[in-house]
Colleague: 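For reference, the structure I am asking about is given below.
Since we're looking at a predicted model, the values are computed, not measured. In the text below, chain A, chain B and the rest are named by the order of the sequence lines, each starting its count at 1. Every heavy atom of this structure was used, including side-chain atoms; hydrogens, water molecules and symmetry mates were not.
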There are 2 protein chains.
Amino acid sequence: MTSRQTRTRDRSDRGIPEATVARLPVYLRALHSLQDRGVATVSSEELAVAAGVNSAKLRKDLSHLGSYGTRGVGYEVEYLVYQISRELGLTQDWVVAIIGVGNLGRALAGYGGFASRGFRVAGLLDADDEIVGEEISGLTVEHIDRLEDIIGERGVSIAVIATPAGAAQGVCDRVVASGVTSVLNFAPVVLSVPEGVDVRKVDLSIELQILAFHEQRKAGGPDEFDALDGAAPKAAAPPGPPPGATPTQYVEAVEA
Amino acid sequence: MTSRQTRTRDRSDRGIPEATVARLPVYLRALHSLQDRGVATVSSEELAVAAGVNSAKLRKDLSHLGSYGTRGVGYEVEYLVYQISRELGLTQDWVVAIIGVGNLGRALAGYGGFASRGFRVAGLLDADDEIVGEEISGLTVEHIDRLEDIIGERGVSIAVIATPAGAAQGVCDRVVASGVTSVLNFAPVVLSVPEGVDVRKVDLSIELQILAFHEQRKAGGPDEFDALDGAAPKAAAPPGPPPGATPTQYVEAVEA
DNA sequence: AATTGTGAAGATCTTCACAGCC
DNA sequence: GGCTGTGAAGATCTTCACAATT
C-alpha cells in the first residue's frame, strides 16, 4: 500500500504533539476572553479552568512552544496570545473558499469566527444555477465551473467542503488538483486524498451518535442481555441473520 | 476539587474504549453504504479502507463489541449494522431540541443525517421574537421561555446549543436543570456542567486553526527564528511586551 | 486459504509530583 | 511562597504479527 510512516509531521518538526495543537486554539480563545476583561497575567491553574483542562496538561502543552511563563508569577496574557497565534500560523491571513452553499454553507459564510482569526473567505461556490449569483455575507456565489480559476487567482489555501455527500469526493479531487493541501470537510463521507494533504472532518451526526452511546449507558447499557456470564462476551447468537426483530429500517438517507 | 476518577465510564462499563466509540459511527456509515450497494459480507480490510482506518484497528474495535465475524470469511454486513446500532443506542429514538435558530440552527434543523439515524428533532427554540413562529423544516420555532416545558413534555434527552457564545452557558444551565444530560455545543465557549452531564463540542474555527497550523508547517514553520541553536528552544525574547510588530489586532469578535 | 481475534510491543497522551526559579 | 517546567509513572491508543478458526 502507499507510504504512511512519518505521520506525526513532515521533517523539521519542532515536535508539537498533535493533541497539543488541537488544544492551542482553545487556550487562545480563553486568553482573548481574559484580554477583553483586562487581565494582564494569568496562572496555569486559572487558564486551565477557563479552557476546561487540567493545569499540568496546560503547562506541558505550553512548554512545547517555549518557556513563556514566569515562575512564581504566571503567564503574560498578551505575550502568550502572540506566541500561540504565531505558532498556529494566525499572524498571517489564510484564504478560504467554501464549496457548497446550502444551509450549512450559508451558516459558514456568515460565521464571524472566521474573519476574526485571520481566515478570509474569498469565494462561495455552488453547482446550482438558482444559487449562483446570490449575494451572501457580502460575497456573490459563483459557479463551481470556475473552481480552478478562483483557487489559482485568489490564492485559496484552505477549501471548506459543504456539498452533499455525493459531490464531495469529486470536489475534493478538483481542489487538490488545483494545489490546495488543507481541506475541512462537512460532507458525511470519508475523503481520500494523496499523501501530504490534510483533511479534517466535522460530522454532526457522528457527534450525536457518540452522545447517544453515553446517554444509553447512563440508562443502563444496551437493553437486552448485558452481563450474562462472567466469561468473555461470547456471541449470544451465531453470526446468522440478526436475532429477534428485524434490525429496523436503517435507510441510508441522502443527508445534508 | 470535585471528583474526577472513573472517567472512562460509569460502573458496569463493558469497557468500550472512548476512541472506539468515536469510530463506530464511521463504520456504521460505511456499512450502510455497502448495504445500499447490495454487499452482504465484508472483510475487515475492505471495511477498513471504506472507513479510512487501519484494518487491525477496525478488528480490535469490533472485538470490543463481541465476536461478530467469521474467520476465513469476514463480517455479515446486516448483522454488524445491527450490532453496532444497538451498541450505539440507535435502535431507539432520541428526542432532540435545537436551541438557537440562526444560520447554523437552521442548517441543523434541515440536516437529513439526524432523522435517518434515530434522532428526532422535537423543538426549535429561539429568544428572538422575529424568529419565533417561523416554520422551518416542518417545525414552528418556539420561544425559549418555554424551554423547560418543552423538554419535560416532549421527553427531550439531547440538547443542541447553537446560540451566540454569550447565551450558551445560560441555556446550558437551564437544559441541565431540566434533566438533560447530553449536550452538543456549537457555541464557541467552554461550557461548565455538573458531573454526569456529557458535553460534546463542535467548533468550526478551531478546526480551521488546526489546518492553518499544518499548512504553515508545510510552508516551513513559523516564519521567524526557527532553529537557532541546537539547545533547548530558550526564549529568544524575554516575557516582556511582544517582540517586533504589535501582535496584530486579535479582537475577540462576537462570532456566530 | 483466507480472515478473524488478540497478546504483546510500541507510540502517544495524561497526570503526578517536585526540582528549579522568581 | 508561589508557580512554572519537566522527568517519570501511568493510562490509553495503535500497530504488529500470528495463533485460532472456518
Colleague: Using the side-chain heavy atoms of B:Lys60, tell me which of these nucleotides is nearest: D:dT14, D:dA8, C:dC13.
Modeller: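 Shortest atom-to-atom distance from the side chain points to D:dT14.
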
Colleague: Grab the N/O contacts between the protein and nucleotides 18-22 of chain D below 3.5 Å, and write none if there aren't any.
Modeller:
unit_1, atom_1, unit_2, atom_2, d
D:dA20, N3, B:Arg71, NH1, 2.9

Colleague: Got a salt bridge between B:Glu87 and A:Arg217, using NZ or NE/NH1/NH2 to carboxylate O under 4.0 Å?
Modeller: yes

Colleague: Check whether any side-chain N or O of B:Tyr75 sits under 4.0 Å from OP1 or OP2 of C:dA2, and answer yes or no.
Modeller: no

Colleague: Over how many whole Å does the gap from B:Leu62 atom CG to C:dT6 atom C1' extend?
Modeller: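 Going from CG in B:Leu62 over to C1' in C:dT6 covers 13 Å.
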
Colleague: Using whole Å, report how far CD of B:Glu46 lies from P of C:dT4.
Modeller: 9 Å

Colleague: Does a nitrogen or oxygen in the side chain of A:Asn54 sit under 4.0 Å from OP1 or OP2 of C:dC13?
Modeller: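 For A:Asn54, the contact criterion (side-chain N or O under 4.0 Å from OP1 or OP2 of C:dC13) is not met.
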
Colleague: Starting from P on C:dT14, measure out to CD on B:Glu18 and report it in whole angstrom.
Modeller: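 Atom CD in B:Glu18 sits about 13 Å away from atom P in C:dT14.
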
Colleague: Under a 3.5 Å threshold, yes or no: a donor from one side chain and an acceptor from the other, between B:Tyr82 and B:Glu78?
Modeller: no

Colleague: Measure CD/B:Glu76 against C1'/C:dT4 and give the value in whole Å, please.
Modeller: 16 Å

Colleague: It should be established whether A:Ser67 places a side-chain nitrogen or oxygen under 4.0 Å from OP1 or OP2 of nucleotide D:dG5.
Modeller: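 Result: yes.
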
Colleague: When you match B:Asp61 and A:Lys57 each to their closest nucleotide on DNA chain C, which lands nearer the 5' end?
Modeller: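 Its nucleotide being nearer the 5' end, the pick is B:Asp61.
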
Colleague: Please state how far atom CG in A:Leu58 lies from atom C1' in D:dT4, giving the value in whole angstrom units.
Modeller: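 That distance rounds to 11 Å.
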
Colleague: Please tell me whether B:Ser157 and A:Glu215 have a donor and an acceptor in their side chains that are separated by less than 3.5 angstrom.
Modeller: no

Colleague: Out of C:dC16, D:dC13, C:dT4, which has the shortest distance to the side chain of B:Ser44?
Modeller: C:dT4

Colleague: Decide side chain to side chain contact (heavy atoms under 4.5 Å, CB included) for A:Val183 and A:Ile158; before the verdict, give the C-alpha distance in whole Å, the side-chain angles of both, and the deciding distance to 0.1 Å.
Modeller: CA-CA 6 Å; A:Val183 175; A:Ile158 300 178; over 6 Å; no

Colleague: How would you label the contact of B:Ala56 with the nucleic acid (heavy atoms, under 4.0 Å): base, sugar-phosphate, or nothing?
Modeller: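 It contacts base atoms.
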
